[in-house]
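Counting begins at 1 with the first residue of the sequence. Indexing begins at 1, ligand by ligand and atom by atom, following the structure's order.
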Amino acid sequence: MISKCMFPVAGYGTRFLPATKSMPKEMLPVVNKPLVQYGVEEAIAAGMTTCAMVTGRGKRAIADHFDISYELEHQIAGTGKEAYLDSIRNVLDKGTFTMVRQREMKGLGHAILTGETLIGNEPFGVLLSDDLCLNEDGPGVLSQMVELYRQFRCSIVAIMEVPPDQTHKYGVIAGESLKDGIYRVDRMVEKPKPEDAPSNLAIIGRYILTPDIFDIIRETPPGANGEIQLTDALQTQATRGCVMAYKFKGRRFDCGSVPGFVEATDYVYNNVYQQP
Ligand code: UTP
């Protein structure tokens, strides 16, 4: 139904300096797997086997990760250590990886517009890999959203409830509740102060976007932090047509922040990780 997923991975990751000075934050491992591989696995499980990466300077390790390492393959072929490569080999068997570079980091909206050339005129997923989402008891978050896209055929944002004093970290929506956990969005505000927030329903890093978003982003002026904000473009899309918000099933860890990353590591080690 939706075959492409965009991964904006060009951000600086300043909250993880100095670790991210020469290493992409998306390559930080949660236990034994880089963050971006969790994201790619979620996208592939949702049928999005073309992974379109919007990268930047200093992000070469991501392209190398999604390629064969001949030397490594040769070195461990036929040894007991091969099992350690199972998960990445599985990803490489199923996925295709395309890349474009964002030359200036002008915000998430700008990153998505940079990726237009890898997507074309079709609906697509967007996954921010610093949001690690896990749903061990059922389908992943992007799979859940594809099901919803089948019904509504419009852009969808994943949301979760956050404490009111945390709204300044997120895009926040207001809308009409259609049924349990599904809202038609009327309003979206990027990083509002608690007193300006229209609700406590915060957008996390999973989206399905219809391709008219590209033209809308082109018309969108810089917003919060002087960046071209995807939330502002989605607000326009909601006004002109339809944007849905979906309270996903599962857990989300903010791995772009140190506390969220540590929490994810602890959770994955105790509940998900299996030694090869
Ligand atoms: P963040 O707000 O987390 O920014 O971006 P960041 O630079 O990655 O991290 P900090 O805040 O400096 O620690 C949200 C997502 O959008 C991507 C980032 O890679 C991240 O996945 N992004 C952001 C881009 O690809 N390009 C941009 O210009 C901005």
Side-chain angles (χ1 to χ4, degrees), residues 4-28 30 34-40 42-43 51-63 65-66 97-119 124-133 141-142 157-160 162 166-172 188-192 202-207 209 213-214 217-218 220-234 252-262 264:
K4 293 179 184 167
C5 186
M6 195 190 289
F7 292 78
V9 292
Y12 292 121
T14 42
R15 284 169 291 168
F16 266 96
L17 284 168
T20 47
K21 186 171 172 232
S22 64
M23 183 182 79
K25 86 168 162 186
E26 296 76 11
M27 290 303 293
L28 290 172
V30 171
L35 268 174
V36 64
Q37 188 181 328
Y38 288 92
V40 165
E42 182 186 327
C51 299
M53 309 263 171
V54 180
T55 72
R57 280 180 297 285
K59 300 277 183 170
R60 248 181 233 167
I62 298 175
H65 187 70
F66 295 106
F97 299 86
T98 60
M99 320 260 158
V100 64
R101 275 197 188 199
Q102 187 187 16
R103 284 192 289 264
E104 291 174 284
M105 307 327 155
K106 293 187 188 166
L108 180 58
H110 181 260
I112 287 179
L113 190 56
T114 306
E116 179 182 18
T117 180
L118 305 177
I119 300 291
F124 60 103
V126 174
L127 190 150
L128 306 186
S129 44
D130 36 8
D131 272 344
L132 173 60
C133 292
V141 176
L142 274 183
V157 298
I159 51 166
M160 63 184 262
V162 296
Q166 298 290 305
T167 55
H168 63 285
K169 297 183 180 167
Y170 300 90
V172 176
M188 280 185 216
V189 190
E190 185 60 32
K191 300 191 169 59
I203 303 174
I204 63 132
R206 300 289 183 279
Y207 307 80
L209 301 177
I213 198 75
F214 295 124
I217 298 174
R218 261 187 278 279
T220 303
N225 300 337
E227 296 182 338
I228 299 176
Q229 297 289 352
L230 176 62
T231 308
D232 295 343
L234 281 164
R252 170 258 183 187
F253 299 92
D254 174 13
C255 290
S257 76
V258 171
F261 185 85
V262 172

Among [options], which residue places a heavy atom closest to [atom]?
{"atom": "atom 3 (O) of ligand 1", "options": "Lys59, Arg15, Lys106", "result": "Arg15"}
{"atom": "atom 15 (C) of ligand 1", "options": "Asp131, Leu128, Leu127, Thr55", "result": "Leu128"}
{"atom": "atom 24 (C) of ligand 1", "options": "Met6, Gln102, Glu26, Lys169", "result": "Gln102"}
{"atom": "atom 28 (O) of ligand 1", "options": "Gly107, Ala111, Gly205, Cys255", "result": "Gly107"}

Any Glu42 side-chain heavy atom under 4.5 Å of Cys133 side chain: yes
Side-chain heavy-atom pair Leu128, Pro8 within 4.5 angstrom cut-off: yes
Phe214-Phe124 aromatic ring centre distance below 6.0 Å: yes
Mutual orientation of the aromatic rings belonging to Phe261 and Phe16 [parallel < 30°, tilted 30-60°, perpendicular > 60°]: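 Phe261 and Phe16: perpendicular rings.
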Worked verdict on His65 versus Gln37 for side chain to side chain donor-acceptor pair (under 3.5 Å): CA-CA 9 Å; His65 187 70; Gln37 188 181 328; 2.9 Å; yes
[X] to ligand 1: N or O pair under 3.5 Å?
{"X": "Tyr12", "result": "yes"}
{"X": "Pro8", "result": "yes"}
{"X": "Phe16", "result": "no"}
{"X": "Val54", "result": "no"}

Per-atom contact, atom 5 (O) of ligand 1, protein heavy atoms, under 4.0 angstrom: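 It does not; no protein heavy atom is within 4.0 Å.
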Test item, Lys25 contacting ligand 1 (heavy atom, 4.0 angstrom):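 Yes.
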Glu227 touching ligand 1 at heavy-atom level, < 4.0 angstrom: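 Glu227 does not count as a contact of ligand 1 under the 4.0 Å cut-off.
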Asp130/Lys25 salt bridge by N-O under 4.0 Å criterion: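 Judged by the 4.0 Å cut-off on N to carboxylate O distance, Lys25 and Asp130 do form a salt bridge.
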CE-CD distance between Met53 and Glu26, expressed to the nearest 0.5 angstrom: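 Between Met53 CE and Glu26 CD, I get 9.5 Å after rounding to 0.5 Å.
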Atom pair CE (Met6) and OH (Tyr207), whose distance is rounded to the nearest 0.5 Å: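 Taking CE in Met6 and OH in Tyr207, the distance rounds to 12.5 Å.
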For [atom], what is the closest protein heavy atom, and at what distance to 0.1 Å?
{"atom": "atom 20 (C) of ligand 1", "result": "Asp130 OD2, 3.7 Å"}
{"atom": "atom 25 (O) of ligand 1", "result": "Ala10 N, 3.1 Å"}
{"atom": "atom 19 (O) of ligand 1", "result": "Gly11 N, 2.9 Å"}

Under-4.0 Å heavy-atom contact with ligand 1, by part of Val9 that carries it: backbone
Matching residue for Met27 among Val9, Leu35, Thr20, Val36 - test: side-chain contact (heavy atoms from CB on, under 4.5 Å):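 Answer after filtering Val9, Leu35, Thr20, Val36: Val36.
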Heavy atoms from other residues, nucleotides or ligands near CZ of Arg218 exceed 12 (cutoff 6.0 Å):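 Yes, enclosed.
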Set of residues satisfying salt bridge (Lys or Arg N to Asp or Glu O under 4.0 Å) with respect to Asp232, sequence neighbours excluded: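 Testing Asp232 for salt bridge (Lys or Arg N to Asp or Glu O under 4.0 Å), a comparison that skips the adjacent residues, returns none.
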For Thr14, atoms of ligand 1 separated by under 4.0 Å from a heavy atom: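 Atoms satisfying the 4.0 Å criterion: 10 (P), 12 (O), 13 (O).
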Atom indices of ligand 1 within 4.0 angstrom of Leu108 heavy atoms, with elements: 16 (O), 29 (C)
